[in-house]
Number of protein chains: 2
Amino acid sequence: MAEPSGAGDSIPLECPGLDTAAGEEFLQEVFQILLEEGVRKSTDVTQKVCDWKEPQELRDLLDLELRSDGEGRERLLQRCRDVLRFSVRTGHPRFFNQLFSGLDHHALAGRFLTETLNTSPYTYEVAPVLVLMEEQVLTKLRELVGWSSGDGIFAPGGSMSNMLAMNVARFQRFPESRNRGNWDLPRLGLFASQESHYSILKGAALLGIGTDNVHLVRTDERGKMIPEELEKEIQRVKAEGSEPLFVCATSGTTVLGAFDPLDAIADVCARHGLWLHVDAAWGGSALLSPRLRHLLAGIHRADSVTWNPHKLLMVGLQCSAFLLRDSSGLLQRCHGVGASYLFQRDKFYDVSLDTGDKSPQCGRRADGLKLWILWKAVGTRGLAQRVERAFGATRYLLEQVKRREGFQLVIEPEFINLCFWFIPPSLRGQENSPEFWDKLGKVAPAIKEKMIRRGSMMVGYQPQGSHVNFFRQIITNPAVTRQDLDFFLDEIQELGWDL
Amino acid sequence: MAEPSGAGDSIPLECPGLDTAAGEEFLQEVFQILLEEGVRKSTDVTQKVCDWKEPQELRDLLDLELRSDGEGRERLLQRCRDVLRFSVRTGHPRFFNQLFSGLDHHALAGRFLTETLNTSPYTYEVAPVLVLMEEQVLTKLRELVGWSSGDGIFAPGGSMSNMLAMNVARFQRFPESRNRGNWDLPRLGLFASQESHYSILKGAALLGIGTDNVHLVRTDERGKMIPEELEKEIQRVKAEGSEPLFVCATSGTTVLGAFDPLDAIADVCARHGLWLHVDAAWGGSALLSPRLRHLLAGIHRADSVTWNPHKLLMVGLQCSAFLLRDSSGLLQRCHGVGASYLFQRDKFYDVSLDTGDKSPQCGRRADGLKLWILWKAVGTRGLAQRVERAFGATRYLLEQVKRREGFQLVIEPEFINLCFWFIPPSLRGQENSPEFWDKLGKVAPAIKEKMIRRGSMMVGYQPQGSHVNFFRQIITNPAVTRQDLDFFLDEIQELGWDL
Ligand SMILES: Cc1ncc(COP(=O)(O)O)c(C=O)c1O
Ligand SMILES: Cc1ncc(COP(=O)(O)O)c(C=O)c1O
């Protein structure tokens, strides 16, 4: 056979280069594995939450190496089972480790749909349904914020949404900075509370504003920004010759679950003409509950809002809405560059539906569909009930923590974050000894290691400010019952007893 | 009944707040719909590619409104069917509209797995399997670039990967800018070709560098950056008092599919001490083919590379690798802020596996798994064959275009982008008339509208530089056969005949 003269010449094009029938069969089988091991077992309270392996052991078990030749069906199916087996079960009723947890079947169906559609909602042309859904979901979220008009876009996570907020704020004040960069601008000042999410720092670094220009405003004993301290910081920064630009208030801080006082902060912003962004990535979902939305009173006064339905609403990673009060097209002017291969102006339909240019991304995932399906399935009322159930479960756990010996609250919880120490018997009564806090700081990590090795549950811990390592319990999953909460405390007690 | 005293008080916690059995049944049914309508029909060449509806008609058909109450199972299943029915079938063998297309069943299985796991590969703790897979896949991609060590992370799209490159380049040269912002820096200069992707502009705006400081270097008649022009631009920018920082070479430009001459560009960068980034979002996959990788000769000299397996490798949106030659921890130092609630240093395992702090994101999707599964399924060889098949199919189409009357190439293709005009009989022989180009520029949009209304196929068009609207044909899907390609040309001819 003659050597082909170049790549591709020898490839027969008569037949498809994919075995569709075999592929569909494979999908069918994977789906049954997923349903059994990934959904049923992963949400079954009698199963382990995780099956801990040391990294090297796991590398070997998984045989990760990628080789020249492909593998047969049985082998691949076994690989899918292994992936599920050795992964952490974030949908398990005893997984409390992150601000996302739980498995909602409707949302998961929406995610499967999204993956099957495999398109980007940047133009109506290639994603008509998804573009309209995004529009609808964003409108609905904005209504809950209290805005009858506005703008918005889904971003790949709350960190990104917060960065978009900073960028839009800069652009609104200094439109020419988009073209000329920061050089001609005064040194800018950004403000957020000491308890704000670290994405504010990351954003300031990425945007060329610099982390030193993020001024962390003091919080009160419950982790809420003190508006008078914000005022002082603004004055101080002005006096130093910088120009205050942007205030990020947090509605539901990551660790303590604190809600900054939005109305008072909005007053300060109004006085100084600053952009008010509310990072409600975590707490935004409280807006759904008529009984909890008071926590965000004043949010309608914000210029922009970050809200992550992938956290409390269990929509699945990722779903982060960046919402804007502006309806003059600021977002498009800020980010749009009008690429002529994608956003042709001579299309035959209304090109205002080609919303992709509002984002700094090009290809984007369609993160609205899964929320839309879930919302259709349970209604606004059902979503509200979930939030309230999570709140109720936290109240129950709070009572138990207060009642049980050896458990000590870090602060009285305002929301769903329950922060506490477990004090082992060996440390009780020594609260005034010099080594007490040092020793206590080692307790949570030790308990955490034990629970992971046992696979019985997972919960986060961290130090914060002057507080040594404490547990942060988060309940977002409606599958969690009172028994799970009792188990949770029993288990901590048992694992920590001998420390 | 007494009014409950606060949210949550009245919620019974004895039983789970989710009906797991009903949920699993729903998933099962949705999966069958997906397989039938979303996979089988969507890849069936006898079906339409899209079912065009005007936006208002589609809004009504979909009944998008989100209400207080949830809906029953049958209604929801019908909604899933509607979503599939009215969406564009990007896996169809006659969808040629984007740089991603086609449906690979293994990769789709990987996506379903990822969605079911619903975790973020920021810590080994919550994503042990996914963290190790990411490590493995990135290592493999780096090897193909020609690096035996290095670093990297998956980003939500090639645009984001390009932005990370700019940020890391800035940080490497001016580490203090991370804290202090751009103000203390000289005005920076970024360089990319006239044909580079628009994300370079978006990135410059976001990073506070400014779009004016992106210098678009002239390209030759095939769309490749001219290294001598780069040299001249650098000199010019220096003479104006700016400091050149970063060169983005493109391996596979978005529209023309041009490959910049990397070796010559690397020489220029070396001479001036500039960061060389290669945007191989589109063309990177050619590295898999021993017969095509010469297109990227010199890529190992880059400092960083963007490579999107979600395009040519059909992994599914999104999968974009940001690869770095540095192995000193630059990425971590550039982006890391060490949030103590997530990246605790006192964990019991090797915390260098908690890679999330290398990214400006917090929660991140696990984009490596789907590529890993596909790679295991077909092997490096199978991936190479796909790239070569796409290349071969383009060669076949090229021949036909050259042979057929009324078709005119824009440029001789180097890769998989085939750019051409269709000249309707009414315009033939008038190439020298003053209105020829004006009239020709209206042909592609008119044909495009007709094909969408008919639902027979989809292909992109755009103007570019001095060229009026032309078609850009992209074949990434191995399910495309010779018949599909003949159909493609016949259809354009038929739809454009009377224009
Ligand atoms: C208050 C707050 N804001 C922003 C974020 C970042 O969200 P993401 O992980 O989606 O980037 C988080 C994440 O935990 C958060 O708690
Ligand atoms: C050359 C090039 N770079 C970058 C991108 C951006 O990739 P993404 O859409 O994943 O952001 C594209 C997208 O088409 C591209 O063609």
Side-chain angles (χ1 to χ4, degrees), chain A residues 7-8 11 13 16-18 23 30 38 64 66 68-70 87-88 90 105 109 111 115-116 119 129 136 140 156-157 159 178-182 198 201-202 205 208-212 291-292 337 339-341 346 348 360 362-363 375 378-381 388-389 391-392 445 449 462 478-479 482, chain B residues 7-8 11 13 16-18 23 30 38 64 66 68-70 87 90 105 109 111 115-116 119 126 129 136 140 156-157 159 178-182 198 201-202 205 208-212 291-292 337 339-341 346 348 360 362-363 375 378-381 388-389 391-392 445 449 462 478-479 482:
Chain A
I11 312 254
L13 297 172
L18 272 180
V30 170
L64 289 167
L66 298 165
S68 275
D69 290 310
S87 288
V88 170
T90 63
H105 301 82
R111 272 129 70 192
E115 291 298 339
T116 307
T119 193
V129 172
Q136 173 64 33
K140 202 72 191 172
S159 301
R178 187 191 121 114
N179 299 345
R180 302 189 43 80
N182 287 354
Y198 71 86
L201 290 173
K202 291 209 172 193
I209 293 174
T211 53
D212 287 352
R291 300 201 271 182
L292 291 171
V337 301
S340 65
Y341 78 93
D346 51 8
F348 68 93
C362 172
W375 208 316
V378 306
T380 313
R381 228 193 294 270
E388 294 180 3
R389 182 183 170 104
F391 189 80
E449 172 169 2
Q462 62 285 301
R482 182 167 304 174
Chain B
I11 312 256
L13 296 172
L18 273 179
V30 170
L64 289 167
L66 298 165
S68 277
D69 290 310
S87 287
T90 63
H105 301 82
R111 273 131 68 194
E115 291 299 338
T116 306
T119 192
V126 296
V129 174
Q136 174 64 34
K140 203 71 190 173
S159 301
R178 187 191 121 113
N179 299 346
R180 303 189 41 81
N182 287 355
Y198 70 86
L201 290 172
K202 291 209 173 192
I209 292 175
T211 53
D212 287 353
R291 300 201 273 183
L292 291 171
V337 301
S340 65
Y341 78 94
D346 52 7
F348 68 95
C362 172
W375 208 316
V378 306
T380 313
R381 228 193 293 270
E388 293 180 2
R389 181 183 171 106
F391 190 80
E449 172 171 358
Q462 63 284 301
R482 182 167 304 173

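Numbered from 1 within each chain, the chains take letters A, B, ... in sequence-line order.
Your options are A/V129, A/L64, A/V30, A/D346, and the one with the most heavy-atom pairs under 4.5 Å with chain B is A/L64. Per-residue counts of heavy-atom pairs under 4.5 Å with chain B were compared for A/D69, A/V88, A/L13, A/T90; the largest is that of A/L13. Chain A forms the most heavy-atom pairs under 4.5 Å with one residue out of B/P445, B/G157, B/C362, and that residue is B/C362. Heavy-atom pairs under 4.5 Å with chain A were tallied for B/N179, B/L201, B/V337; the largest tally goes to B/N179. Per-residue counts of heavy-atom pairs under 4.5 Å with chain A were compared for B/S87, B/P478, B/G181, B/G208; the largest is that of B/G208.
Heavy atoms of A/S159 lying under 4.5 Å from chain B belong exclusively to its side chain. With a 4.5 angstrom heavy-atom cutoff, A/P360 touches chain B via backbone and side-chain atoms both. Only the backbone of A/V378 comes within contact range of chain B, with at least one heavy atom under 4.5 Å from a heavy atom of that chain.
Taking every heavy atom of both residues into account, A/R180 and B/D212 meet most closely at CG-OD2, 3.6 Å. In terms of heavy-atom proximity, A/Q462 sits nearest to B/S340 at CB-O, 3.3 Å. For the residue pair B/R111 and A/E115, the shortest heavy atom distance occurs at NH2-O, 2.5 Å.
Atom CZ in A/R389 sits 8.0 Å away from atom CG in B/L18 (nearest 0.5 Å). With rounding to the nearest 0.5 angstrom, the CD1 atom of B/I209 is 14.5 Å from the CZ atom of A/R178. Taking CZ from A/R381 and OG from B/S68, the interatomic distance works out to 5.0 Å, rounded to the nearest 0.5 Å.
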